Enquirer: 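There's a structure below that I have some questions on.
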Protein chains: 2
Amino acid sequence: MGIFERKEGVTASSWIYDTLRQDLVNGRFTAGEKLAISALKERYGVGLSPLREALNRLAAYGLLIQENQRGFRVPRLARDELDDIADMRRALEGMALERAIQRGDAEWESELLAAAHRLKRADEAPEMEEEWERLHMRFHRTLVAPCGSAWLLRFIEQLHDQFDRYRRLAPGEPEVRHVLDAQHGELVELALARDVKGARALMDDHIQRSYEVALGSFAR
Amino acid sequence: MGIFERKEGVTASSWIYDTLRQDLVNGRFTAGEKLAISALKERYGVGLSPLREALNRLAAYGLLIQENQRGFRVPRLARDELDDIADMRRALEGMALERAIQRGDAEWESELLAAAHRLKRADEAPEMEEEWERLHMRFHRTLVAPCGSAWLLRFIEQLHDQFDRYRRLAPGEPEVRHVLDAQHGELVELALARDVKGARALMDDHIQRSYEVALGSFAR
DNA sequence: CTAGACCAAATAATCGATTTTTTATCTAAA
DNA sequence: TTTAGATAAAAAATCGATTATTTGGTCTAG
């Protein structure tokens, strides 16, 4: 029996879910907008049933707001909520990082170095935004992966998606961005040195700076 | 213009979602079981579309597992996962309680006293299990409500549902239960006294004891 | 004018039937 | 016996059409 059949079948429903999730995180919809379901049907070329299933999932995940009898809306962006999301990221990712450093094994160290390296190369290729986003997400995921709590990782991922709705809308700030990029490398160093305190402090700072960038999404 | 129209319309989809969520938390389905969609259709007397939408939401929420092309399964119960859930409850509810005590106002104090009182009366009426569960959930929600973070509250609620899958399956332990009931009152006292440290410690102990009860779901 | 009542158009929700994929069963060859 | 392949039955996913509800405009009474 082969071991390769885990190539999970993609259904229309799962495809449109992934696609919409990305588009929502990337700000391809206006915050506060009411989704015209039949328009989405056209735009993405999917049927009503898979589309509605995806919208239901996205609402349960927090990327949409569902109101009975009046469809789905894109959540508004609010400074209060960004504060909340950033706060929670600090608390949860800090906790996760601490545990990851205490529990991560040698294999983790390797993967972390690899992820950081891939990200660093993407830092220097400003044309491949999408690729950078993928690698950035993956780096942060790798960093906390061995924290030992599936639920913690789940919450963190959810918060990342929420946070990115703001960040990706904000204007780029090359100077801050440069600092943030450098911090990824420093995080790896502290993690490998098993410096829990230092790593937590740096992560706090990293999220704080990202938060300040994301605040730019409210610029007028 | 009236202010009462928030009586949100209940759709077939939202009804079956609520119903299934309760039934899942209450252990009316066997852990690990594969859901036969057409059987559910009969059992609950709903159509396929609203049912599938509800299942999709429940999967996104974590009360079901969705596998492309092969439907939905009830997650297995695993000691590891219960450990994780309890750990996270300690961390997140502790954090929320701390903040709630720092931020809760006089109105909160009143509601907290009321919630505790209602719960206490239900403690003594062993016939109304369902009612007690409602009030118990509500008490814990009230306790942390003014923590200031919508996301934290959301995660806590999700963890409660997960935790209760185990707890409600475990055999009752009247002695521990008595202690747990008493702790609710003590939590209120400490909260009103704004004793952050004390309240956190008690909450830790409360969750720990509940966890030990919930472990009974693995009894053979 | 303005609040409400009414109606038509638009949209959400749901149904019943069809298509696609998986799972179970059977058979023949190794 | 196994194992691979074929195939029938079951189940999941999707479609197209129908029903129910909301929304937006128009009219009328006060």
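Worth saying up front: this structure is predicted, and the values here are computed from it rather than measured. Any value given below was found using the heavy atoms of this structure, including those in side chains, with hydrogens, waters and symmetry copies removed. Throughout, protein chains are lettered first and strands after them, A, B, ... in sequence-line order, and every chain is numbered starting at 1.
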Enquirer: List in chain and number order the residues that pass side-chain hydrogen bond (donor to acceptor under 3.5 Å, both in side chains) with Arg154(B), two or more places apart in sequence or in another chain; answer none if no residue qualifies.
Expert: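 Not a single residue meets the side-chain hydrogen bond (donor to acceptor under 3.5 Å, both in side chains) criterion with Arg154(B).
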Enquirer: Do Leu55(B) and Leu20(B) come within less than 4.5 Å of each other through their side chains, counting heavy atoms only?
Expert: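 In contact.
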Enquirer: Who pairs with Arg79(B) by side-chain hydrogen bond (donor to acceptor under 3.5 Å, both in side chains), at least two apart in sequence or on another chain?
Expert: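 With sequence neighbours excluded, Arg79(B) shows a side-chain hydrogen bond (donor to acceptor under 3.5 Å, both in side chains) to Tyr211(B), given in chain and number order.
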Enquirer: How many Å lie between CD1 on Ile16(B) and P on dT14(C), as a whole number?
Expert: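 Going from Ile16(B) (CD1) to dT14(C) (P), I get 11 Å.
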Enquirer: Can you pull out every ring-ring contact (aromatic ring centres under 6.0 Å, His included) where at least one residue sits in residues 76-135 of chain A? Sequence neighbours excluded, please.
Expert: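 Pairs touching residues 76-135 of chain A that pass the test: Trp132(A)-His136(A).
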Enquirer: List every contact pair, protein side and nucleotides 20-22 of chain D side both N or O, where the distance is under 3.5 Å.
Expert:
none

Enquirer: Is there a residue in residues 29-57 of chain B whose heavy atoms reach under 4.0 Å of DNA chain D, and which residues are they?
Expert: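 Heavy-atom cutoff 4.0 Å gives Lys34(B), Leu35(B), Ile37(B), Leu48(B), Arg52(B).
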Enquirer: In terms of side-chain heavy atoms, does Glu53(A) have a donor or acceptor partner in Tyr17(A) at a distance below 3.5 Å?
Expert: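 Short answer, no.
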Enquirer: Run the salt-bridge test on Glu131(A) and Arg118(A) with the 4.0 Å N-O cut-off and return the result as yes or no.
Expert: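 Looking at Arg118(A) together with Glu131(A), the answer is no, because their closest N to O distance does not fall below 4.0 Å.
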Enquirer: In chain order, what residues pass the side-chain hydrogen bond (donor to acceptor under 3.5 Å, both in side chains) check against Arg103(B), with sequence neighbours excluded?
Expert: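 None.
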Enquirer: For Arg177(A) and Asp181(A), run salt bridge (Lys or Arg N to Asp or Glu O under 4.0 Å): C-alpha distance rounded to whole Å, both residues' side-chain angles, the deciding distance at 0.1 Å, then the answer.
Expert: CA-CA 6 Å; Arg177(A) 166 68 183 269; Asp181(A) 285 347; 3.1 Å; yes
Enquirer: When the distance from CZ of Phe72(A) to P of dA12(C) is rounded to whole Å, what number comes out?
Expert: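 Taking atom P of dA12(C) as the reference, CZ of Phe72(A) is at 9 Å.
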